Amino acid sequence: MTTDTTNSPRQIGSLSCLCPNASFSSSVFDDAQWNLLGEQQHQDKVNEDEFDQIEIEEGEGGDEIKPLELDHSGSSFKDPQLGVLSQSRVFFEQFPLECPREERIRQILSMGSMERHGNGNNHNNIHINGNGNGNVAALEIEKPRSKHRIRHSQHKSLQFDEDNLSHEDNPRLIYINDPRRTNDKYEFTGNEIRTSKYTIITFLPKNLFIQFHRVAYLYFLAIAALNQLPPLAVFGRTVSLFPLLFVLCVTAIKDGYEDWRRHRSDRKENNRETLVCQSGDFRMKIWKKIQAGEVVKIFANESIPCDMVLLGSSDPSGLAYIQTMNLDGESNLKTRYARQETALAVSDGGMISGLIRCEPPNRNIYEFTANMEFNEHRFPLSQSNIVLRGCQLKNTDWIIGVVVYAGQETKAMLNSAASPSKRSRLEGYMNRETLWLSIFLFIMCLVVAFGMGLWLLRHKDQLDTLPYYRKRYFTSGRDNLKRYKYYGLPMETFFSFLSSIIVFQIMIPISLYITMELVRLGQSYFMIEDNHMYDSSSDSRFQCRSLNINEDLGQIRYVFSDKTGTLTENKMEFQRASVYGKSYGSSLPMVDLLQEQNIVAASAGRRWKLKSEIAVDSELIELLHKDLTGDERIAAHEFFLTLAACNTVIPILTHGTSSSCIKSELQEDSGEAIDYQGESPDEQALVAAASAYGYTLFERTSGHIVIDVNGEKLRFDVLGLHEFDSVRKRMSVVIRFPTGAVKVLVKGADTSMFSILDNGTEMDDHIRNSTQSHLSGYSSQGLRTLVLAARDLTDEELEVWQCRYEDASTSLTDRVAKLRQTAALIECNLKLLGATGIEDKLQEGVPEAIESLRQAGIKVWVLTGDKQETAISIGLSCKLLTSDMHQIIINGNSEDECRSLLADAKSKYGVKSWRGRNSSLKWKEDGILALPLALIIDGNSLVYILEKDLESELFDLATSCRVVLCCRVAPLQKAGIVDLIKSRTDDMTLAIGDGANDVSMIQMADVGVGICGQEGRQAVMASDFAMGQFQFLKRLLLVHGHWNYQRVGYLILYNFYRNAVFVLMLFWYILCTAFSTTSALTDWSSVFYSVIYTSIPTIVVGILDKDLSHKTLLLYPKLYGSGYRHEAYNLRLFWIMMVDTLWQSLVLFYIPLYTYKDSSIDIWSMGSLWTIAVVVLVNIHLAMDVRRWEVFTHFAVWGSIIITYACMVVLDSIPVFPNYWTIYHLAKSPTYWLTILLITVVALLPRFLFKVVRQTFWPSDIQIARELEILRKHGNLESKKDQGSS
């Protein structure tokens, strides 16, 4: 291969990597280029601007460029020192550019951000330390800490520790196969992991510290402490501690059990075994004893015990496949590479020794920056050279690696932090009501204290003569006339206030916290076991990953959904192709008999069989089997070569049967089946389609790929690969054909591809216009589109790109940005080949689910990265968009344009601000314009809107529309849209997605739901709830969400009522006993009241009660509206409940008082009556509100009354108690039973009448639906056809 040169130098702008004496040679790239710095005794301070114009002259050897020799018998190169790079760099070192030593030093010093001293304030200092032998001991790059930060486009909850990424100031030194030297100096952590919170020693103090973060617990601790003081000992000192101790113990037992399970899991993990190099041999060693610096050997399907730099594998080129599902949730295989230098040493069986300088431990699983010194050479290491703990080795017999991070310092352990905790909305409201109860408590205590002060003042002269109150001893002996528990009027008043707080303490219900946790646990069990939410295709049940927001599922107002993999299956099928301006695939999979025979005859020699079914176009097949002449035939050839080569897909060969859509006896023969593993379902579909058309990728190694083109195996050398990124929105691969020609093959989004095409002939313009027309048609059909292009690279362009690619791919700083700049050198002036259309089918039940959610009053917004036309098509097919909707499309390219578009849309449709909508008759109750609107906006517009002062304009317009469709949005923009609603309204938001790009949205929303889909489990791991399909969201919200909200809302109100009625009863008693804070109830009765006597019914009803059946809730989705309208729990219901509580407490106290006014009954008998009466009253109150009676409900409600009687019998049978034998005397009297009956009837009569009147004249939707259910059940109404039930 030669290059044409002229005597005059050639001018090439802004290519600082070129050398005047540049030439190809058969020698490989000197990976020890850093060592050259050691021989240079001074630093060349060269500004990058000096390299903007560089002259290239002929070298001494003439203009002949010698190609690198390949060993075509195998996959290796003849030179044993060839280095292997990752796919992101794709092995440039196979075709390096040899530059003179001095020039290369200058390049290194001037490359990228390494600027000379004095060139601006933001500079780097490079110190080169020689060791006398021409080798470099260290290359230190000093960075100004205040300005040099590595930016990551991550959500704030997922940001990495940026300080750790700049590691040059404090590198970690790992001596390969020398753990003693590695750890003696630096004392790195061992490989033992611990996910548990506690040890035996720290459990009690640490658990108590965590529990007392709840303010209510501190309140009860203060109450118990006050009761220990002699003047305030209202209850027994031991008894007063019982409620708090009970709650603390129950929580501690739960926490202890969970932590014991973590200890058990840790012990199992730490005691696993693997092979470690010890004294020259590999021997078994348990994981927890592995140290940094040790060499470890892992076999296929084994887990990686620690973070290791790959040294070699069973593949001669050092290639290994790993599965990272446990780490990042992705199920597809990833490729990792050993450096060729170490891989050859491993394959030769020699011992490896060297030094690795790497960054300190950090959480970033997508980056790794290090250098390795090996055989007096130094070369860089990247993320593709490291395998992380938790991954599994797949499709590789074995690998060998050196441990760089172990135990708690591994990236997996550093990323093991839990998702941010979310708080229930009802719990927030509950705290508001708790504050009101605290105010009531304070007022009652003030009344008692004030009354005590007045009573003491009024009777100050009688205190020594009153039979029940005295301030002096009147006994003979040394205590005669001394003060008897009397501390003076002010202190007595103050002590009365504190004593009242102790007596009335359960006004703040401590048992409510435990009750809510148990109820949520029970609700979660029934949600998990719901077979209607079981996905058989993925064998996944519903998951409750967060137990504290179950009731929020019943209050959702906005659902933010991803499209791909959430609404669709994310199983891509190749449907359409536009090749050289002609569209194919419109008749798929219809093939007539004659065409079928032609296709079978053409493909008879092909032995590759796809596992998945691919429909092919007969006309395109015929074109591909013509002679390789003519522009259309060549374009089709390069089109499918691009599909097969421009990807990172891994072919996996297995023996299997064909599943082609063409049935023929000729295809029944046995052969090898091929399957593809890739990081993207799109890529897998495109490669499988290429195989179906005769271009089968069946081999991928570190430096080449092999494609079977209609039976002819062609080997292509991969010179470089620029992977897809969100900035370029395309990927490209540079390959050398067997003929020696070099091409760049590119595929990407149409928005990024048409701008880099070559403006050529009229024919090119015709092809371009036709392709754009086809793309519009594909998008309108809901297909995902990509554009393919290619061009030949001249020798000169290849040289320029290779040298620049070398510097970019080995750079330790800004590597991604430099690779992006390098890609721009070749991704230009491309020849358009065609476009593809891939179908991503809707999941089953999605249209019905969206329609039901809309009927329920829930607004569904779709946030997707797809094209606008594709998103609109999917929106129509899933019934999100309807034909009667007016579409408002916002596609702005500047802030002013976006402002104008928003203002025009608002004025055209009369959109008002959020606050002014209720005054207009054009608006419905839910704030949506009567005219159905759909807002469609792209990510480019959101850039200007979300970062400027246009948020309020977008908010007003979006909330006026029934549907919002956001296209081409980035992950952080998804979170921004959710935050737009969450921060400006009180409505509850739910985000649902299936991929890593949905994590920020899921964590931002009030409720996050993950789909167990094709894109891994990152969304599931970040979610609060997880399920297999989008259609289950309908049942989750309309059924379980409704039930949970109704139950918990009633549970909170009932607990407030239950405790308040008891406290008010005590309050009335104290007012009748000279404000003395004495109690007619025993200490144990007061404690057992909320813990034992009345707790079990509330838990059972909170778990099992159902106001409506699931069929009714699904048939009438509008019933869900009671949740976001807060009908089951609001401040008005709280005040009504408090008024009812006040009445019931008065009845409870005064009826027994007047019934036994003239009797000789003692105070303890009266207390026993009050105890039984209040338990019966609150349980009958609960029974009146139970909507669905189950066997367990009967046991709980009536059993609670029986348990109360049993406890009273036991307590009254203990002689030391003052209430000894009282229950036996009372039970004999008919008055006792009639009094309890009278209390119950009179206390609950107003509530009963109120419910009758309300349900008769002002029934709610739920009440009407309940009556309809009852009528249907008894056969008084003909059953209508259940069209909406599942």
Side-chain angles (χ1 to χ4, degrees), residues 422-437 509 512 515-516 519-520 523 548-559 853-859 914-915 917-918 923-928 959 981-990 1005-1007 1024 1036-1057 1060 1098 1101-1102 1105-1108 1113 1116-1141 1185 1187 1247 1250-1251 1254-1255 1258-1266:
K422 297 178 181 178
R423 188 181 180 190
S424 164
R425 180 69 60 88
L426 280 187
E427 212 168 307
Y429 294 154
M430 184 182 77
N431 290 338
R432 176 190 64 193
E433 272 67 81
T434 301
L435 178 62
W436 279 111
L437 291 176
L512 179 56
T515 302
M516 288 183 69
V519 165
R520 286 167 174 164
Q523 291 173 352
N548 57 341
I549 57 173
N550 290 354
E551 58 272 21
D552 285 350
L553 293 170
Q555 306 170 74
I556 300 300
R557 198 73 169 94
Y558 287 89
V559 169
L853 294 178
R854 177 181 287 140
Q855 291 180 18
I858 299 172
K859 302 176 186 178
W914 176 260
R915 299 181 182 275
R917 292 182 186 174
N918 294 332
W923 297 89
K924 291 186 177 181
E925 294 180 359
D926 57 0
I928 297 180
T959 51
I981 298 299
K982 186 178 176 182
S983 61
R984 292 171 180 262
T985 69
D986 292 329
D987 294 327
M988 297 286 290
T989 59
L990 180 147
D1006 294 301
V1007 179
D1024 305 302
L1036 177 65
L1037 298 184
L1038 303 189
V1039 178
H1040 292 286
H1042 175 85
W1043 284 344
N1044 294 343
Y1045 170 72
Q1046 297 288 333
R1047 293 161 176 169
V1048 175
Y1050 180 78
L1051 174 73
I1052 296 173
L1053 286 174
Y1054 177 77
N1055 271 269
F1056 285 153
Y1057 151 77
T1098 59
V1101 172
D1105 195 33
K1106 299 176 183 178
D1107 56 350
L1108 293 165
L1113 291 171
Y1116 304 108
K1118 288 187 177 181
L1119 295 171
Y1120 181 83
S1122 62
Y1124 56 73
R1125 290 193 297 267
H1126 309 296
E1127 293 181 2
Y1129 185 91
N1130 52 57
L1131 197 58
R1132 184 178 65 88
L1133 287 178
F1134 172 76
W1135 290 117
I1136 292 174
M1137 180 269 299
M1138 289 304 296
V1139 171
D1140 186 34
T1141 301
D1185 294 330
R1187 272 73 63 92
R1247 178 177 181 80
F1250 177 80
K1251 291 185 70 173
R1254 185 184 179 193
Q1255 292 180 10
W1258 299 282
S1260 65
D1261 292 340
I1262 293 177
Q1263 182 59 33
I1264 295 173
R1266 278 183 53 77

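These numbers come from a predicted model, not from an experiment. Computation of the quantities below employed the complete heavy-atom set of this structure, encompassing side-chain atoms and omitting hydrogens, waters and symmetry-equivalent molecules.
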Set of residues satisfying salt bridge (charged side-chain N to carboxylate O under 4.0 Å, His left out) with respect to D1261, sequence neighbours excluded | none
If you measure from CG on L1119 to CD1 on I1264, what distance do you get to the nearest 0.5 Å?
-> 9.5 Å
Please name all residues satisfying side chain to side chain contact (heavy atoms under 4.5 Å, CB included) with Q1263, sequence neighbours left out, ordered by chain then number.
-> Q1255, P1259, S1260, R1266, E1267
Sequence-distant partners of Y429, ring pair (Phe, Tyr, Trp, His ring centres under 6.0 Å), two or more places apart = H1126
Considering residues at least two apart in sequence or located in another chain, which fulfil the ring pair (Phe, Tyr, Trp, His ring centres under 6.0 Å) criterion with H1040?
-> W1043
So which heavy atom on R423 is nearest to which on E427, and how close?
-> NH2-O, 4.3 Å
Counterpart residues, salt bridge (charged side-chain N to carboxylate O under 4.0 Å, His left out), relative to K1118 (two or more places apart) | none
Do the non-hydrogen side-chain atoms of V519 and Q523 ever get within less than 4.5 Å of each other?
-> yes
Residues forming a salt bridge (charged side-chain N to carboxylate O under 4.0 Å, His left out) with R1187, sequence neighbours excluded = D1105
Nearest-0.5 Å distance that lies between atom OG1 in T1098 and atom CG in N1055 | 5.5 Å
With P1117 via side chain to side chain contact (heavy atoms under 4.5 Å, CB included) - residues at least two apart = S852, Q855, A856, L1038
Nearest-0.5 Å distance, CG of residue L1133 to CD of residue E1127 | 9.5 Å
4.5 Å side-chain heavy-atom contact, F1056 and L512 = yes
For residues 1042-1057, pull every pair meeting salt bridge (charged side-chain N to carboxylate O under 4.0 Å, His left out), keeping only residues two or more places apart or in separate chains.
-> none
Interatomic distance, CE@M988 vs CD1@I858, rounded to 0.5 Å, equals 11.5 Å
Could you check L1108 against Q1046 for side-chain contact (heavy atoms from CB on, under 4.5 Å), going step by step and ending with a plain yes or no?
-> CA-CA 10 Å; L1108 293 165; Q1046 297 288 333; over 6 Å; no
For residues I1052 and M516, determine if any side-chain heavy atom of one lies less than 4.5 Å from a side-chain heavy atom of the other.
-> yes
So CG of L990 and CD1 of I556: to nearest 0.5 Å the spacing works out to 5.0 Å
Show the numbers, then the answer: is there a salt bridge (Lys or Arg N to Asp or Glu O under 4.0 Å) between E551 and R425?
-> CA-CA 8 Å; E551 58 272 21; R425 180 69 60 88; over 6 Å; no
Under 3.5 Å donor-acceptor, Y1045 side chain and L426 backbone = no
Do the side chains of N1044 and R520 get nearer than 4.5 Å, heavy atoms only?
-> no
Mind checking side chain to side chain donor-acceptor pair (under 3.5 Å) for T434 and listing every partner two or more places apart, or none if nothing turns up?
-> none
For L1131, what residues pass the side chain to side chain contact (heavy atoms under 4.5 Å, CB included) criterion, not counting sequence neighbours?
-> R432, E433, W436, F1134, W1135
Carboxylate-amine/guanidinium proximity below 4.0 Å for K1251 and D1185 | yes
Side chain proximity check, D987 to K859, heavy atoms < 4.5 angstrom | no
Considering all heavy atoms of both residues, which atom of T515 and which atom of L1051 are nearest to each other, and what is their separation?
-> CG2-CD1, 3.7 Å
What residue pairs, at least two apart or across chains, pass salt bridge (charged side-chain N to carboxylate O under 4.0 Å, His left out) with a residue in residues 1128-1140?
-> D1140-R1247
Should D552 and S424 count as side-chain neighbours, where that means a heavy-atom distance under 4.5 Å?
-> yes
Check the pair L437 / M1138 against side-chain contact (heavy atoms from CB on, under 4.5 Å), numbers first and verdict last.
-> CA-CA 10 Å; L437 291 176; M1138 289 304 296; 4.1 Å; yes
Can any side-chain N or O of D1006 pair as donor or acceptor with the backbone N or O of T989 at less than 3.5 Å?
-> yes
Heavy-atom side-chain proximity of R557 to I981 below 4.5 angstrom | no
All salt bridge (charged side-chain N to carboxylate O under 4.0 Å, His left out) counterparts of R854, not counting sequence neighbours | E851
Side chain proximity check, L553 to L1036, heavy atoms < 4.5 angstrom | yes
V1048 and Y1129: side-chain contact (heavy atoms from CB on, under 4.5 Å), yes or no, with the steps?
-> CA-CA 9 Å; V1048 175; Y1129 185 91; over 6 Å; no
